[in-house]
Amino acid sequence: MRYAHAVETVRAAEGELMARLPDGALMQRAAAGLAAACRDLLGRTYGARVVVLAGSGDNGGDALYAGARLAGRGAAVTAVLLAPERAHRGGLAALLAAGGRVADEDRAVALIGRADLVLDGIVGIGGKGGLRPAAVPLAEAARESRAAVVAVDLPSGVDADTGEVLGDAVHADATVTFGTYKPGLLVDPAATLAGAPRLIDIGLGPYLADPQLEALQNADVAALLPRPEGSSDKYRRGVVGIAAGSERYPGAAVLAVSGALRGGAGAVRYAGPGGDAVLARHPEVLVSAGAPAGAGRVQAWVVGPGLGDSADARRAVADVLDSSVPVLVDADGLRLLSPEAVRGRSAPTVLTPHAGEAAALLGRSREEVEARRLDAVRGLAARYGATVLLKGATTLVAEPSSRAAVRVNPTGTPWLATAGSGDVLSGVTGSLLAAGLSPLDAASCGAYLHGLAARLAAHGAPVSALDVADALPTAWGSLFS
């Protein structure tokens, strides 16, 4: 499991650790890890041209000390001090002693244009708002250069706690962060600017508590996924009901069922007008043409994909929400649900909106949801008393409790932005609910498998939703190989 902690928590942990270490030791640990990461990116250090963009405070100090280590190995290191009178004295002295130089800001853009690597130490994790005007030309020059841009702890100009980008910010190729991940490294839109994050262990682990974010890894998902035993039968493994599709959109039913069949439950019941299309593709499905209430016993329901806006669609959503089993609501179901019915349920509910649907549920604009994804997913979970899976480039899963960590999904590919892929996700997640996983684990594992399957199916090329569904068994099996 990867964890991300709030700035306040990180600061407290650093304080506890520094009280047990010699003065300056923690910064030296960070600088050593940062310099090693830079050497890995450069491939060669001797003769490499490095520009250090150093602001005031400890973030600039980390960058300057790392620059000193690179200079000591033969790199030509030049520091640009954005606040010369407040530059970290120890870091600057170390850089100069190692043969590094300091350049005026009026030469900075030209130096960046010739650099092999640019170290962004402008603003630390406590920064708020976008870059200050003096730093903007430097960030733009770094983005336009051929240099590898490495952010120190977090790209300057992004919010460490929320992932929001409220102005100009550095675009990094890689971010070297210390002690723990910061939420902004894992949540869009800031995550897009962070490049590849690399965590350096500086000894904070024993002093960190209450993470803000969690990201499952292969081993975590493998431990959570349901595995049949010798005595298992299809009913003990769970039966998932799918209320999806319509005469106009029968494909949505096929896609949701395709995901459900590969999601770990023992059987799938389908209720709706798309039965012929479902049986043509999946003859093993138990099909009912009537309303969900008459389809037979299930351990969880999925409702919404492709339902449309008919009276039958509204009845299907109401039937499912009135049931006593876990329910996943997606797509058209999100438009048709009664907020009171969701909040009044005794069994768990999972909502799986994309940004536009989340905006409608919250009464906000889509742009606001995209800009404040962490706030949006938490707000939805609290408002509806449900587990919420907010789909997007970084999919987030939140529980109703404000104290619970939000999970961020690390798998996926841009090729997953294709029609019907969300229907497959709903099916596999609903199947995991029926197999007995908690709403949080079902949504997290469903998103993880879905993203992993998309990677396997894509091979760098376009994929269809059915391609993703067909790759789910391979993705599942890869977790245990």
Side-chain angles (χ1 to χ4, degrees), residues 226 234-246 252-253 256-257 259-261 263-275 278 285-353 357 361 380-381 383-389 397 399-400 422-423 425-443 446:
K234 61 187 177 184
Y235 296 109
R236 289 177 183 173
R237 289 179 57 197
V239 180
V240 59
I242 306 292
S246 58
V257 167
L261 285 169
V268 177
R269 292 188 186 276
Y270 172 75
V278 168
V285 176
L286 308 170
V287 169
S288 169
R297 185 182 176 190
V298 299
Q299 276 73 51
W301 274 108
V302 173
V303 63
L307 279 183
D309 196 23
S310 66
D312 287 342
R314 294 177 182 277
R315 179 184 174 190
V317 174
D319 273 2
V320 167
L321 290 177
D322 195 43
S323 71
S324 59
V325 299
V327 167
L328 182 149
V329 187
D330 185 32
D332 290 330
L334 296 168
R335 291 189 300 104
L336 301 178
L337 63 76
S338 160
E340 293 75 18
V342 174
R343 288 191 288 265
R345 299 192 76 241
S346 58
T349 308
V350 178
L351 308 180
T352 61
E357 292 161 342
L361 292 170
L380 270 175
R383 177 176 294 191
Y384 287 86
T387 299
V388 176
L389 184 157
V397 182
E399 291 188 293
D423 303 340
L425 173 60
S426 293
V428 67
T429 303
S431 191
L432 291 169
L433 280 172
L437 269 65
S438 71
L440 176 66
D441 289 339

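All residue numbers in this chain count up from 1 along the given sequence.
Of all heavy-atom pairs between V350 and P439, the closest is CG2-CB, 3.8 Å. Nearest approach of A442 to L432, heavy atoms of both residues: O-CD1, 3.7 Å. The two atoms that bring A243 and P305 nearest to each other are O-CD, 4.5 Å, heavy atoms only. Annotation for A347 and P326: closest pair CB-N, 4.0 Å, computed over non-hydrogen atoms. A pairwise comparison of heavy atoms in A244 and A252 identifies CB-O, 4.5 Å as the closest pair. Heavy-atom minimum distance, V428 versus G263: CG2-CA, 3.6 Å.
Taking the side-chain hydrogen bond (donor to acceptor under 3.5 Å, both in side chains) definition, one finds that D330 meets it with T352, K391, S426, sequence neighbours left out.
For the atom pair CZ (R314) and CG (L307), the distance works out to 11.0 Å, reported to the nearest 0.5 Å. Here the OG-CD distance, from S323 to Q299, works out to 11.5 Å after rounding to the nearest 0.5 Å. Remark: L425 CG to L328 CG distance equals 7.5 Å, nearest 0.5 Å.
With hydrogens and angles ignored, the 3.5 Å screen pairs no side-chain donor or acceptor of T429 with any backbone N or O of A443. Under a 3.5 Å cut-off, the side chain of R269 and the backbone N or O of R297 do form a donor-acceptor pair. With hydrogens and angles disregarded, no donor-acceptor distance shorter than 3.5 Å links the side chain of Y384 to the backbone of T349. Proximity of a side-chain donor or acceptor of R237 to a complementary backbone N or O of P226 within less than 3.5 Å is not detected. Distance alone, capped at 3.5 Å, is enough to place a donor-acceptor pair between the R345 side chain and the V325 backbone. Counting only distance, with no hydrogens or angles, the side chain of S246 and the backbone of G306 share a donor-acceptor pair below 3.5 Å.
Side-chain contact between P292 and V303: absent, with no pair of heavy atoms (C-beta onward) separated by less than 4.5 Å. Within the 4.5 Å cutoff, the side chain of V327 has no heavy atoms near those of the V342 side chain. L337 places a side-chain heavy atom less than 4.5 Å from the side chain of L351.
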- Carefully, step by step, assess V240 and L433 under the rule side chain to side chain contact (heavy atoms under 4.5 Å, CB included). CA-CA 8 Å; V240 59; L433 280 172; over 6 Å; no

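Salt bridge annotation for D332-R335: present, with a cationic side-chain nitrogen under 4.0 angstrom from a carboxylate oxygen.
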